[in-house]
S.K.: 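Below are the structure tokens for one structure; questions will follow.
Each chain gets a letter, A, B and so on, in the order its sequence line appears, and its residues count up from 1.
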Amino acid sequence: MSPMPDNWGYVLAAYGVAAVLLVGYWRYLAARAHELSQPVRGGRKGQA
Amino acid sequence: MTTRMLGWLALLGLGGGLVAGFGYAPREVAQGNVQRIMYLHVPAILTAYLAFALVLIGSVGYLATRQLRWDRLAAAAAELGVLFTGVTIISGSIWGRPTWGVWWTWDARLTSTAVLLLVYVGYLLLRGMVDEPDARARYAAVVGILGAANIPIVHFSVKWWRALHQPSTILGPEPSPIATPIALALLVNWVAFTLLFAYFLARRMAIARLEEHA
Amino acid sequence: MIAAHGLSKWFARTPVLADVTLEVGAGQCVVLLGPNGAGKTTLLRIVATLARPSRGSLTVCGLDALKEPQAVRPMVGVVAHGSYVYEELTALENLRFWTVMADADASRARLLGALQRVELEMVATERVRTFSAGMKRRLALARVLLGRAKLLLLDEPFTGLDQRGRKWLSEFVLAFKAAGGTALVATHSFASGLAIADRVVILHDGRIVADRSADELSSDTLRRLYDGLTEAEGSTG
Amino acid sequence: MTAYARRTWIVLWKDLLTERRSKESLNALLFFALLLLFLFEFALGPDRERLRAALPGLLWLGFVLSGLLGLGRSFIVERDNDCWDGLRLTPGDKSAIYLGKLLGNCAMMLAVEAVLLGLFGVFYDLALGPVLAPLVAVLVPGTLGLAAVATLFAAMTAHLRARELLFPVLLLPAQVPLLLAAVSATQAALLGQPLSEVSHWMKLLIGADVVYVVIGLLTFEFVLDA
């Protein structure tokens with residue numbers, strides 16, 4: 001079993017992509033929460 | 001606020017996980033540093049399975065009680081399950097490139113994880129297409145239960161299917177006995193991911209509650 | 001027979017029914033009037049256990065309709081816009097299907113008897129595809145007759161009927177009532193509604209705006225009352 | 001006959017009668033099966049050996065694609081005249097309706113499969129006679145599992161906007177294990193191997209059938225009823 005080359009690039013890529021996904025989701029949550037905590041504008045009256 | 005505390009705790013855990021994975025754990029002999037992707041890959045899939053288990057619990061809970069908070073649990077858990085399955089597949093694929101020489105191989109575990117991803121993406125698509133909250137919750141619960149019951153069936157079918165064409169993968173059924181430091185680093189990362197999952201879940205459920213009452 | 005308290009229903013965020021309280025005694029025929037979108041159909045669907053209210057309580061035939069819809073269902077007969085008939089089956093086959101589904105006696109003689117009562121015995125073996133809207137509705141009434149319904153729920157039953165058909169239907173409802181049944185009828189036909197009503201309830205924007213005994217109403221006073229109630233608010237909405 | 005069995009039977013009777021009279025689904029499906037046969041031929045070229053090697057997969061691909069079209073429509077008839085509401089108002093266990101629908105769908109699928117199989121036999125010169133018994137032993141549980149999930153999802157998507165899209169998106173991933181098992185077992189059957197050699201696949205097929213049908217029976221009520 002020969003030791004493999006280090007391949008730090010792949011390690012970095014894997015962690016990088018994961019970070020992008022997780023931080024992206026966190027920012028999506030934050031944006032959505034912010035949006036929903038805003039007071040509702042223009043009380044539109046719906047008709048059934 | 002407890003959710004915020006949970007968030008900081010998760011962040012702390014992830015920091016600790018990085019330290020454990022890159023600072024504490026040694027370079028693995030056979031695979032080299034690529035093996036460190038494991039500290040991301042394994043906790044992610046474990047978290048995804050936790051999420052899908054919660055989808056099942058939320059689904060059954062909703063059908064039994066008809067209370068929308070169970071549906072919120074199932075919906076939030078499904079979304080997170082897809083997120084963490086995505087992380088699992090991408091990290092597995094990146095790990096596979098230097099290890100197997102290809103980005104994608106129909107390895108039994110990668111394949112069944114991909115099938116799971118498709119099942120739960122379908123679940124989320126269904127949720128997006130039903131407007132009435134009650135109907136959405138009922139339909140989603142049925143798909144959530146079926147999806148969870150399908151997990152073992154998918155697992156065995158894909159395993160046997162691979163065994164048919166190619167007796168064993170390079171990774172083998174289980175990676176050879178894991179050294180204690182590596183196991184410890186995995187544990188730290190797993191705890192960190194579970195904390196992150198709990199934080200995301202709490203926030204997602206809170207948002208779902210706001211969406212209902214808005 | 002029906003005791004509804006504080007029924008409210010939202011679709012998404014749009015309120016369709018707002019705090020509706022309605023009591024219907026046994027043997028009564030209550031007619032629901034109101035413009036399109038007033039919530040008549042929604043109210044009927046909730047009473048029929050086809051929809052769940054967002055809030056409120058509902059008792060039908062002495063049973064909690066929200067907790068035991070299954071127990072309530074054999075006792076209500078519903079004839080709505082869609083008459084629950086299969087186009088490719090004959091009148092007789094349709095009745096046979098629904099009667100077996102309701103676990104009642106589906107013998108041919110009994111089914112033919114019901115068809116006779118709704119004057120469809122001549123077309124018993126014709127496919128429903130060839131039927132007019134009125135015939136389909138009569139077929140639906142035959143289905144109700146074959147069950148054990150004590151409460152008849154009709155949604156816009158007079159729509160698409162000619163003079164004779166409307167008269168026939170009014171007589172049918174009166175006969176059902178005479179046999180001890182209760183009826184809740186949603187319609188926007190004043191004359192036909194008033195002809196069968198013991199009580200008239202006017203719905204507007206999901207609320208009950210009037211609840212009168214039919215005795216004190218003539219067609220004209222009802223029209224004036226209705227216009228006054230629905231236009232005054234309608235202009236702001 | 002119990003009330004449950006009577007209800008199951010009358011639903012099956014009603015569906016088969018409707019289908020026999022309108023011939024809406026079956027005619028189109030049989031034609032579709034023929035089209036698929038040509039498509040496979042064009043996609044893989046005239047090499048008969050290659051087609052034969054891929055036959056089990058193609059066969060099930062054909063079944064699944066026909067299923068997507070045919071089974072997805074199985075609750076459309078309940079939408080006309082609001083029959084759906086009528087079914088909800090019927091007393092008793094709603095799973096009888098599911099069972100009746102499931103049996104009707106199985107019957108329709110098996111008819112399409114028989115025709116498709118016959119066409120394959122003629123076009124690719126297969127001797128189906130000797131392998132018919134094991135083939136049927138694979139087709140029946142495979143079809144049951146497919147129809148069990150499809151019936152449930154068809155009821156669910158019947159009144160959604162994007163029905164044609166959502167139905168396959170939900171059904172296909174859920175059917176991966178069934179497809180893997182059925183293709184492998186069909187291959188063994190076509191090669192004339194005894195089914196005992198693929199007993200693990202047969203067990204998986206039957207196990208999956210049990211799981212899917214039980215879930216269908218238990219949850220159909222929640223799909224149908226508000």
Side-chain angles (χ1 to χ4, degrees), chain C residues 9 41 44-54 65-66 68-90 92-106 127-129 131 133 136-137 139-140 143-144 147-149 151 153 155, chain D residues 1-27 73-101 103-104 108 158-161 220-226:
Chain C
K9 175 81 179 170
T41 297
L44 273 186
R45 287 179 65 82
I46 289 174
V47 174
T49 73
L50 284 171
R52 279 166 187 261
S54 310
L66 305 182
E68 314 173 75
Q70 282 292 18
V72 170
R73 283 170 181 171
M75 289 183 273
V76 283
V78 182
V79 179
H81 299 281
S83 35
Y84 315 161
V85 292
Y86 295 100
E87 304 270 345
E88 293 299 332
L89 302 189
T90 66
L92 206 58
E93 284 162 349
N94 263 295
L95 285 186
R96 180 162 171 237
F97 175 77
W98 291 111
T99 311
V100 171
M101 287 305 282
D103 202 18
D105 169 19
R127 286 195 209 172
V128 168
R129 180 170 290 289
F131 283 21
K136 285 181 190 168
R137 206 163 301 152
L139 183 58
R143 162 177 57 79
V144 171
R148 288 165 285 157
L151 173 62
L153 301 173
D155 194 2
Chain D
M1 216 159 46
T2 65
Y4 189 92
R6 269 201 304 274
R7 280 198 200 103
T8 306
W9 162 244
I10 200 87
V11 171
L12 177 63
W13 169 81
K14 184 264 294 175
D15 279 351
L16 291 182
L17 199 61
T18 304
E19 184 52 49
R20 206 183 76 198
R21 285 184 186 160
S22 71
K23 298 186 186 64
E24 227 170 46
S25 302
L26 205 58
N27 278 354
R73 297 181 45 85
S74 59
F75 280 86
I76 296 300
V77 64
E78 311 297 342
R79 243 179 15 179
D80 301 340
N81 296 319
D82 289 341
C83 290
W84 195 268
D85 280 342
L87 292 178
R88 290 158 81 186
L89 286 173
T90 56
D93 197 336
K94 297 291 190 290
S95 61
I97 299 170
Y98 171 79
L99 202 57
K101 280 272 175 196
L103 293 175
M108 189 181 70
H159 28 216
L160 296 184
R161 275 173 279 138
F220 183 72
E221 181 193 340
F222 299 107
V223 173
L224 181 69
D225 210 344

S.K.: Do the rings of C:Trp98 and C:Tyr86 sit parallel, tilted or perpendicular, given the 30° and 60° boundaries?
M.R.: parallel
S.K.: What residue, out of C:Lys136, C:Arg45, C:Arg143, C:His81, has the most heavy-atom pairs lying under 4.5 Å from chain D?
M.R.: C:Arg45
S.K.: Working to the nearest 0.5 angstrom, can you tell me the gap between D:Asp225 CG and D:Lys94 NZ?
M.R.: 5.5 Å
S.K.: Which bit of C:Val78 comes within less than 4.5 Å of chain D, counting heavy atoms only: side chain, backbone, both or neither?
M.R.: side chain
S.K.: Under 4.5 Å, counting heavy-atom pairs only, tell me which of D:Val77, D:Leu87, D:Leu17 racks up the most with chain C.
M.R.: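 Most heavy-atom pairs within the cutoff with chain C belong to D:Leu87.
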S.K.: Based on non-hydrogen pairs under 4.5 Å, which of C:Val76, C:Leu89, C:Val128, C:Asn94 is most in contact with chain D?
M.R.: C:Leu89
S.K.: Can you tell me which portion of D:Trp84 sits under 4.5 Å from chain C's heavy atoms? Options are side chain, backbone, both or neither.
M.R.: neither
S.K.: With no hydrogens and no angle check, is any side-chain donor or acceptor of D:Arg7 less than 3.5 Å from a backbone partner on D:Ser95?
M.R.: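 The answer is no, because no donor-acceptor pair under 3.5 Å joins these two groups.
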S.K.: Under 4.5 Å from any heavy atom of chain D, what part of C:Arg127 do you find: side chain, backbone, both or neither?
M.R.: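 Only the side chain of C:Arg127 comes within 4.5 Å of chain D.
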S.K.: Just wondering, do D:Tyr98 and D:Val223 contact through their side chains at under 4.5 Å, heavy atoms?
M.R.: no
S.K.: With chain C as the partner, which of D:Val11, D:Asp82, D:Asp85 has the greatest number of non-hydrogen pairs under 4.5 Å?
M.R.: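 Top count of heavy-atom pairs under 4.5 Å with chain C: D:Asp85.
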S.K.: Grab the two heavy atoms, one from C:Ala65 and one from C:Val72, that are nearest each other, plus how far apart they are.
M.R.: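 Answer, listing the atom of C:Ala65 first, then C:Val72: CA-CG2, 3.9 Å.
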S.K.: So D:Arg21 and C:Thr90, do their side chains get closer than 4.5 Å, heavy atoms only?
M.R.: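 Yes, side chains in contact.
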